[in-house]
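Take a look at the structure below.
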Amino acid sequence: METMRVQDVTPNDLPWKIRYDASRCTLCGSCVSACSFRAIEAKVERRRMVFSESELPEPKARFSAVPVIRQVKSVKNYCRGCGICEKVCPNDAIRPERNPDTRHPIVTRCLGGDSIKRGGRKNLESTVRTLDKIRVGRISQMTDPSLDAQRHTFDLLAPFGRILPPQKLPLGVGPEGLLRTEGSTPPVRWIYPVVIGDMSIGALSWRMWEAVAMATAYLNEECGLPVRMCSGEGGVPVRLLKSRYLKYMILQIASGHFGWNRIAKAMPHMIEDPAGVLIKIGQGAKPGDGGLLMAQKVAEHIQAIRGVPKADLLSPPNHQGLYSIEESVQKMFLSFNAAFKFRVPVAIKVAASSTSVSVFNNLVRDPYNIVGGFFLDGIDGGTGAAHEVSLDHTGHPIVSKLRDCYLAAVAQGRQGQIPLWAAGGLGKTGDLAADAFKMIALGANGVFSGKLILQMAGCVGNDQGRCNACNTGLCPVGITTQEPPLVHRLDPERVAQNIVNYFLAMDTELKKLMAPIGNSSLPVGRSDALVATDRAVADKLQIQYVC
Amino acid sequence: MCRIGAIKSLDFVHPSMALQLMQSQQKGHDNSGFAMVMHDLGGIFENYKKLPTLSMAATDEGVRLAEDILHEAGFQRVLQWVPETNPQPGLDINAMPNYVFETFDYPKHLRNGDKKEQEDLLLDMRLKLREALEPNEEGFVYSFWPDVVTLKEIGDPRDIGTYFNLWQPDDKFTARVITAQCRQNTNYDIVRYAAHPFHLQGYTALANGENTFYLKNVEFQRKLHRGYIGFESDSQCFLYTLHYVHHELGWPLRYYKHVVTPLPFEEIEQREDREQLKAIRQSLAHLEINGPNTIIGVLPDHSMFTCCDAKKLRPVVIGRDEKTVVISSEVCGINEVLPERDWETDIYPNEREIVAIGNDLEVQRWKQ
């Protein structure tokens, strides 16, 4: 008989327990083969059965070997609760069950001597979100008619690029009494106010990344929604760089400069300019963890695109040789503007923090009009890998920080000059349109969203600790893995279709929100359209309190 | 919804005409007030066209305070006209003790001074007066500008006319341009300053409607110019945008429409001047207006215009004969004052139009 020690890891120490009903199991093996974490295995149990064959009880015992499915008792191959076993079981014989008595945070650290890393979801949230305490409360009435969402036309576009103040516009009056341009302005692109957030081609499987790119192209070319997708810091396949679809891509660069060698080399062959360049200084969901792509996910094509060996890829710290964020931004902007001949807008992405407003103020007052967008990333976002402690315990909420930045611009009369884009948990409840609209009314020009795109593709992870294995390269639905058998579980056409449909629904919903307040263009800064059901939220955001 | 109207004539006309124009539209306003601005003055003000006239309603103390401030700044009074009032019992008017129309000569150092310096000083003085009179409601300073007179009062427009003896035409108090409004003050307290028309540095604007981008406009305008203050009405933003676009940026009037109701991006892309239009739309996004409204404006050269919101949710009509052009919320107003005109030539401006009336009464329609 196996010797058990009380210190041994058992399913009761792990976050999920497998509930298995042997009487329903046909031993087809689907669950075991589908579990990418190897958290269940087929085993043989020795069973004792007592029986009697005579007229009077004459108990006899019979021993037999019975095949069963069992949970692996290991902190390496523990069950993530993804529920793929349940999905593939034809007989409902198996499912994961949350274990409220888990000792996982302790035993894992004790056994591994290392901190826990996982995919990017914050699992400590318990309160109601700020955005859910806000309503669109300014409803137009008879003297000020609301619009009809399905019959009126709406102008749902947001700027990406530096906007000059009116007195600096290079406009003069010609002899015919018409304005004419007498100089150049920074490039500005008017795009859909929801950008597909930066998720790199290393973080996502190639099928997933392709599906997002496909959805973006379809939305632009068939649906008339100028949606842009940000590449993330990981490079872009050369074929895409040379294609006409590049115009829908915002190329990202961060401290790792991953993939930029290829991008720079492809520049002479580009037939289209990219939609923009986004310089990532920080991210909101795991500030301090930087880019973190585990070696398991650095497949051959990732090595080729990024020009790296198969190793853990950690983006280096930001620009230590530079004096300040503004200085580094300035230098990068100059080089990017020069590289793309001042035709492509360049924006910056920073983590929301107590000091974001200072950075924004410095950039907005910059006399050279360098920054073409301030992407503010708050807590609650994130898709990649990080240390659990970073995910759960660092970050800064986005709503009030976005509002602070907007009001700082208002105080200087410079609103709109650097378009504000915000993200971090937007669409967490599945309703991105409502979140986006509220953020816009609070002062954002647009929003970006990453994690929700994964949910559209079929990601089974959630903020209650389910799955969250994006870092392992074992994503059970093929979204964040480079393992061919797992990647092939993902149907890119289906993913693209889901994303397109979601955006179409969201577009209608945005109009449904604009109609009652009577606006046909985006209500940027129309905080009078919002009311808060929470006094503290109302005071902080300077909107009306209602009860 | 307020009712608005404007008269521009080759001859000097008396405010009684404006009262008639407005009175016939009485079902459209709530009798809570009447206000008018007169440009290009005749009568007793005709010989003082270059000198600024102060229009103010004030208490005795307010008048004293204001005159002290102006004298201290070096202004010298050259004309004072106090309208004869007719305080019959039972009139619905919330009158101030004094209505002051005084013309001043500039301080000596500015008499032959730079026009801009003069303009700046007049604005600063008006702001200063307003600030001094505001705390105890000692007075309301409506305009301080050459060739411009403003009257605003709370009450029934008919009774206001009676109180100021404005129903009987005379040749003492006339102008070639008169804009007027009878209000239905639905959004705000009945405040004297809130009554349209609003005036700033020779620009007058009055509007009929709502501005759902009021907050956006205000937050932006406050930082654009020291004269953009008050914001007692959501339509005040229309005046400040007009002043900013035409006076501060120096753009031709037709671009006003491109600022307040920009074309949709799809249409801009098809235009030859897309570069300029996009630059305007980008840069002045916070001056866009939204909501139903009709705007009537007067420029410092006394030319006049009107335009509507981008969905044409508020009415306006323009009628004319050889000597007079009238803009009105409702056609019944024009019928009252120009009954003999050819009504087939009336213009009902559309949502993408500015209708401008020059000083020779030539009517131009500019498609946005």
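In what follows, every chain begins at residue 1, and chains take the letters A, B, ... in the order their sequences are listed.
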Given heavy-atom pairs under 4.5 angstrom as the criterion, report whether the side chain, backbone, both or neither of [X] touches chain B.
X        : value
A:Thr185 : neither
A:Ser521 : both
A:Pro159 : neither
A:Ile517 : backbone
A:Ala411 : backbone
A:Asp155 : side chain
A:Leu169 : side chain
A:Val173 : side chain
A:Gln412 : backbone

task: Keeping the roles fixed (side chain from B:Arg254, backbone from A:Gly177), state whether a donor-acceptor pair exists under 3.5 Å.
output: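 No; judged by distance alone, with no hydrogens or angles, the pair does not exist.
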
If we only count heavy atoms from C-beta on, is the [X] to [Y] side-chain gap below 4.5 Å?
X        : Y        : answer
B:Thr212 : A:Arg138 : yes
A:Gln415 : B:Lys223 : no
B:Glu219 : A:Tyr406 : yes

Quick check on the interface: out of [options], who has the most heavy-atom pairs with chain A under 4.5 Å?
options                                : value
B:Leu284, B:Leu215, B:Leu249, B:Leu277 : B:Leu215
B:Lys278, B:Gln221, B:Glu288           : B:Glu288
B:Trp251, B:Tyr255, B:Phe220, B:Tyr244 : B:Tyr255

Taking atom [atom1] of [X] and atom [atom2] of [Y], what is their separation to the nearest 0.5 Å?
X        : Y        : atom1 : atom2 : value
B:Asp273 : A:Thr181 : CG    : OG1   : 9.0 Å
A:Gln417 : B:Ser283 : CD    : OG    : 7.0 Å
B:Gln276 : A:Arg180 : CD    : CZ    : 10.5 Å

- prompt: For the candidates A:Asn519, A:Leu164, A:Ile163, which exhibits the highest count of non-hydrogen atom pairs separated by less than 4.5 Å from chain B?
  reply: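 Option with the greatest count: A:Asn519.
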
- prompt: Is the number of heavy atoms from other residues, nucleotides or ligands under 6.0 Å of B:Gln26 CD greater than 12?
  reply: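 Above 12, so yes.
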
task: Check whether B:Ala279 gets within reach of chain A through its side chain, its backbone, both or neither, counting any heavy atom under 4.5 Å.
output: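 Looking at B:Ala279, backbone and side chain both touch chain A.
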
message: Less than 4.5 Å to any heavy atom of chain A: does that hold for the side chain of B:Leu263, its backbone, both, or neither?
response: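 The backbone, not the side chain.
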
query: Going by residue number, which parts of residues 353-368 of chain B are within reach of chain A, meaning a heavy-atom gap below 4.5 Å?
result: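 Interface residues of residues 353-368 of chain B: none, nothing closer than 4.5 Å to chain A.
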
